[in-house]
Each structure stands twice: as C-alpha cells, then as structure tokens.
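Letters go in sequence order (proteins before strands), and every chain restarts at 1.
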There are 2 protein chains.
Amino acid sequence: MKRHFVTIKDIARELKISVATVSRALRDTYDVNQETRQLVLRKAEEMNYKPNFNATGLVKNSSHNIGIILPTITNYYFSTVVTGIQEVAYQRGYNIVLYITNDSAEREKDILNDLSLGNIDGLLVSVSSQPGQNDHFEQIIADGIPIVFFDRVAPDIKASKIMQDDYQGAYEAVEHLIGQGYKKIAHIAGPSGLLFTERRMEGFMAAMKEHRLPVKDEWIIHSGFSMDFGRRDTLQLLQCKTRPDAIFAVNDRKAVGAMLALKQQHINIGRQMGIIGFTNDPMCEIISPTLTTVEEPALEVGRKSCEFLLNHINKKNFPPQELTLPTKLIVRESTRRK
Amino acid sequence: MKRHFVTIKDIARELKISVATVSRALRDTYDVNQETRQLVLRKAEEMNYKPNFNATGLVKNSSHNIGIILPTITNYYFSTVVTGIQEVAYQRGYNIVLYITNDSAEREKDILNDLSLGNIDGLLVSVSSQPGQNDHFEQIIADGIPIVFFDRVAPDIKASKIMQDDYQGAYEAVEHLIGQGYKKIAHIAGPSGLLFTERRMEGFMAAMKEHRLPVKDEWIIHSGFSMDFGRRDTLQLLQCKTRPDAIFAVNDRKAVGAMLALKQQHINIGRQMGIIGFTNDPMCEIISPTLTTVEEPALEVGRKSCEFLLNHINKKNFPPQELTLPTKLIVRESTRRK
DNA sequence: AAAGCCTTCGATAACGTTCTCGCTAATATA
DNA sequence: TATATTAGCGAGAACGTTATCGAAGGCTTT
C-alpha cells in the first residue's frame, strides 16, 4: 500500500557519492564536474526520480503553488484565461490554486485573510467589481508575495498588470458603428472604478469626438456586468428623450441582454438599433442576429500573466510591468444596417 | 523582505514546554492534559499560528493537493463542477490542481505519466471521450492514490463515481416530447463507450418502448459533443427516408448546433421539429426559440465528488461508492408544438 | 512498602532537500 | 620551490512537523 519514492539519497547510494553532489548536479552545474553531473542525470532518469516538493519547499520556504483569485470561472472569458494560466503553470511545474470570490469584495478580503501565505508563492488576481479598498493587496505585496493583476486590475497598486487594449478596442468598435451610419451611440458600461471600464469609456468618447458626434449624458449608463443589467440598461435607454440608434456594450453578456430587451420590444436589431459587444464569447454566434464584437485575447492574457508571475517569483528584482495585448474587431449581423 | 512565520517551536518556547507537546495539543487530545491543551490553543490563536504544509507533508507523505483531470473548463457544465469542487476543497484546506486534457486521450496519458504522484493526495477525473485504454487509472489506484470519477466515468474501473441520473433524465425528456405529440424521435448521441452516453441512450429507448413508438436505426447518430457535431448530425437526419419530427440531443451544445442547422434550412423549430437538450447551459435562454432541456446538478456533482475524494483520502477503508444525483426537466419554447 | 498501572510530558530521530562550511587535490602565479 | 587560487566534493546542520520511546510522578493494589 504505502509507496516508496526514489530520493536523492537512493541515487547517491547507487553512485557512491554524497547527497550534496547529487543535489547540486540536479540543479545548477555550479561546483560539479560535468561527468559526474551526467552520471547523476542519467541515473535519476533511469530510477525515475521526481523531486519532493515538500522537502524543497521546506528549505526554500516555497510551495510551488500559485493562487488565482477571480470573480467566477463560469463564463467564457475567465475560464479561457484560467486555461491559459494552467498551460504555462503546468509546463513549469507549478500548481494553481483557485479562489473564487463571486464578485464579492468581502469574500475577496476573507480569502486574503485566510490565505496561509506560506502556502502560496505568488498571486494572480482579477479584482471584484464591487467598490472596496485595495489596501489588503498592498499588504500582501509588502509581505513579499508577488501579485500580477489581469483584466480587472486595481488602478492604484504598483504591480504587474496584464490587460487587453481596451481603449483601442473600444475606439474601433465605435468607429465601426459610425462607419455603418449610426450616429446616436449609447454606451452601457461596467461599474466605475475598474480600469478597463474607464479605458473602454475613453475609447468610446475619443471616437465620438474624433467624428464630431455629440454624446448625451443620458446615453451613458454604468451598472454591473451581467446579462440582466444589459437588459435593464437598454430599457432605460429606450426612455431617453433622444433615443440612441446604436449601443456599445462593455461586454458581450450585456450586449446579449440588450438584444433580448430589444427583441422583446420588437425593435429590429441592426436596422433600428445597432449593437456591438466586447469579448467574443461563443454566444455571439448563437444569438440571432449574430453579435458584432471586439475579440479579447483571453488565452494569451492568461499565459502572459502566469509568465510574468513566475518571473517575479524566480528572478530577484524583476520590475513590475504593464502589458497590453491587442484586440480584434469581429463584424457580424447586429451592426448591419441594411 | 523575508517573512518569518510562527512555528510550533515559537509556541513551545513561549510556553516553556516541548514541541512534542505543542504538536500533540494542536492535533488530537491524545496524551495531553486538557489544561495545557487549552493553553497551547490559546497561544497559537494569539500568535496567529498557521501550520506549515511542507513540514506536515514531509512527515505524513502528503501534499494537501488534489488533482482534477478534465477535458476542458471552457463550458458551462465543467466550469460549474470545478466551482463546486473548489468550494469544498477550500473549506477543508485543500488546494486543487487543474489538468486540462483538451479531450485528448493521449494528453490524458501524458499528464498521468508526468504527474509527480508524490505531489497529489487524490484525483478527480472526468475522462476524455476519445477511445482509449483506461488501465493507467488502475495503475494509479494500485499505487495508493484514490480516484473519484465524475460525469464522464470509466465504466470498468473500481472507484467512486458521481453522476447525474442520466437514465431518468433522458427518460423524462423523451416522455415530454411524446406528451407534446412528437412521435418520430431521433437521438443525436455522444461517442459510444462513455457511460453517461449509454445511460441516456437507454433512457431514450425505454421511453420509446414504453409508449410503443418505433425507433429507426437511422434516427440514432453517435458523434462528438460539440455544437458542430450537432449541426452535422442534424443535416444527416434531414436526409432520412422517414424524417424524424423531434430530436433529443445528448447535450445542449449539440442541441444548439441542431437548431442552427434547422434555422438555416428554414425548418420551424417546435412546430415542424421539436428539440430538447441536456445540461441547462445558460445559452438555452439566449437562443431563439429558447431551448427545452434537462437540468444537471453540476455544482452538486462537484461538491459531492470532492467530499467523496476527501473521505477516501482521510478515512482508511472508505469503500468505493456510486452516487446518482437527480435531474430536472425544464420546458421552454423549442418543444412547443403550437 | 513494594509492585504495578496510568497520565502526562520531553528527548530525539526521522522525513527529503538545500546550504554553509571546510577539506583535498590540482593548477596557476610568484 | 613556495604560495595562491580554484574546482570538486563531503559532512553536517537546518527547515517544521510528527512518531517513538521512555521517564517521571502520581495513584492504586497487593
């Protein structure tokens, strides 16, 4: 029943050298003869040696675990990001440990408190959209645990941040709408206080200004990210004194909510009201008419975030960096005027 | 920079007792006076002591990690299951380690080989749908690592298995179709060799037989789980000598694929052809007409799987069990004859 | 008063690895 | 030839915890 694993002791005994030499041979080439090194490597392979993380962790004070804190994994974007993270973590021999906040700032704080920091080498975080102080993150960084933020980044913290080009993506989205002949463009946005929400807003504003189109205050609504908020925001837009003729939604879920509301009101999507989303969730192709959107490089965001974090963990003095990945406009039926 | 954690040594020094006593006090009440025990517990609380998993793991030969092997997490069912698993794992102080196979039997095998077994206390598995031997799982179980299978279980392995009631769910789905007046019912199934695929097939057959409805061979198609397979299967069904008037799809994705194909062929969904799926993916309510389906208790499957696995890990001689959770029919527009 | 039994605790050895020393032998420098 | 330097390696401590063994002290029983 009880298994026994091959240890460096076994290798040392077989080769009649000391464990120290085996240890060195398996890691650096420092202070060890190339020949003995080869000998050890071959023997290790032959005996199917696998390092014991508990032992290395105990002396190195590390765990080979990286934590991911995010609002949810049951949507396309986040589950894809996690897939990307998993890909590189797996390659580099790290485990990922998932913490799901359900988009609650309080739960986020609880997790951070419970978190036995000794059990985590680094943290990948996408913050909750609920307003809240972010000083608990600062605390953790001060404790020496590196954090990389992705997508939903905390604006005022000095740490690496990976995002898609929200400004540019929004700009192109709105420009596309304008090119299709829409003029009165509304924006149903996410909660304020989130960096990417603001960037998309700025991209929207810039495009409108560039084409000298007016933006009414009533055309801009901040609310949550869910489909239902999209629906509600849209119904509200329909009450405007000057009714918009197109909607730029902060994400696909809200765009879909908007479409559902419009269908219910028998407003023709495309002709009477153009809709564009953000993300490129598979549901864009399921809904009818199909939804024009801005594709986000979710997989790549995941991969890069993880790579950055591992750099922070393994290289001393890897400075915090921000990385912005490009987006891509995908035109479908919901913005076809016809 | 370098943090220092509170250890049982520190507690021992403060209390002027030995580490052995502290260790005992923190775990069992065995061989330790209630008073000293209380003293230790209070001190530990006060000093904010957190056990070092590397140290316990080293002596106990465990890791507090449980592995999850599954085809993908970018769909509603699996991401929800993972959420459920995470919930109970988190509660019980276990980390979860994700391995994604992309539904490839080969990658599954690779992962199992790479898997440093010393680094995993147990495994939660949903097998790939590609045909392949499952003896590598047997090997791992023989090595003393418990496995719990969920959803896509390997039929011939002696281990705990958590599933939804696929037979009953399918039975009710088909009975619903029959109740709506459909008589020529086709089944676009998953790949054969998977237990739940077979169970749904059996439920389908039983309902048809019960109501004395004939089942043509050409009405049954085995293929993959993706939307695109659903589309292709449906186009094939439309070529049948006797065209079916309803389709029971093995999951929602295939059902949606079927709907897309039907829409493309201008066949009215509901009136000319009823459609029912399985899972209750959120997209059921997005597509038009909305999709009737059988809801799976994904979250509960995740929770229970994890609970079972932790039992296997922590209790000696916890026998392998099978658990079947109930499903629920959800009627929407795609089966409304009107 | 001796013998036996609990109860409670401490000393110490593991667990597998890395790190710090210091030693030897070989080579380079003076 | 004498002295530094260096490459290569081993001994042993350390990391935080649990397990084993036995000791001390108190109690009961004879």
Given [options], identify the nucleotide with an atom nearest to the side chain of [X].
| X | options | result |
| --- | --- | --- |
| A/Asn33 | C/dC9, D/dT17, D/dC9 | D/dC9 |
| A/Arg27 | D/dC9, D/dG16, C/dT18 | C/dT18 |
| B/Ile17 | C/dT17, D/dG16, C/dG10 | C/dG10 |
| B/Lys60 | C/dC9, D/dA19, C/dT18 | D/dA19 |

Quickly work out the [X] [atom1] to [N] [atom2] distance and round it to whole Å.
| X | N | atom1 | atom2 | answer |
| --- | --- | --- | --- | --- |
| A/Leu26 | C/dC19 | CG | C1' | 16 Å |
| B/Arg13 | C/dG10 | CZ | P | 15 Å |
| B/Leu58 | C/dA13 | CG | P | 17 Å |
| B/Phe53 | D/dG16 | CZ | C1' | 13 Å |
| B/Asn52 | C/dC15 | CG | P | 18 Å |
| B/Asn54 | C/dT18 | CG | C1' | 13 Å |
| A/Ile8 | D/dA11 | CD1 | P | 14 Å |
| B/Gln34 | C/dT8 | CD | C1' | 12 Å |

Return the orientation label for the B/Tyr90 and A/Tyr99 ring planes: parallel under 30°, perpendicular over 60°, tilted otherwise. perpendicular
Heavy atoms only, 4.0 Å cut-off, all strands: where does A/Thr56 land among base, sugar-phosphate and nothing? sugar-phosphate
Give a yes or no on whether a salt bridge exists between [X] and [Y], defined as a side-chain N under 4.0 angstrom from a carboxylate O.
| X | Y | answer |
| --- | --- | --- |
| B/Asp10 | B/Arg13 | yes |
| B/Asp103 | B/Arg152 | yes |
| A/Glu46 | A/Lys43 | yes |
| B/Arg303 | B/Glu300 | yes |

With a 6.0 Å cut-off on ring centres, are B/Phe225 and B/Phe196 close enough? yes
Verify the contact: side-chain N or O of [X] to OP1 or OP2 of [N], cut-off strictly under 4.0 Å; return yes or no.
| X | N | value |
| --- | --- | --- |
| B/Ser18 | C/dC9 | no |
| B/Lys9 | D/dC15 | yes |
| B/Ser23 | D/dT18 | yes |
| A/Thr36 | D/dC9 | yes |

Partners meeting side-chain contact (heavy atoms from CB on, under 4.5 Å) with A/Glu307 (sequence neighbours left out): A/Val88, A/Lys304
Using the side-chain hydrogen bond (donor to acceptor under 3.5 Å, both in side chains) criterion, which residues pair with A/Thr72? Sequence neighbours excluded. A/Thr74
If you restrict it to nitrogen or oxygen atoms, what contacts under 3.5 Å exist between nucleotides 20-22 of chain C and the protein, and what is each distance?
none

Residue mapping more 5' on DNA chain C - nearest nucleotide basis, B/Val19 or B/Val59: B/Val19
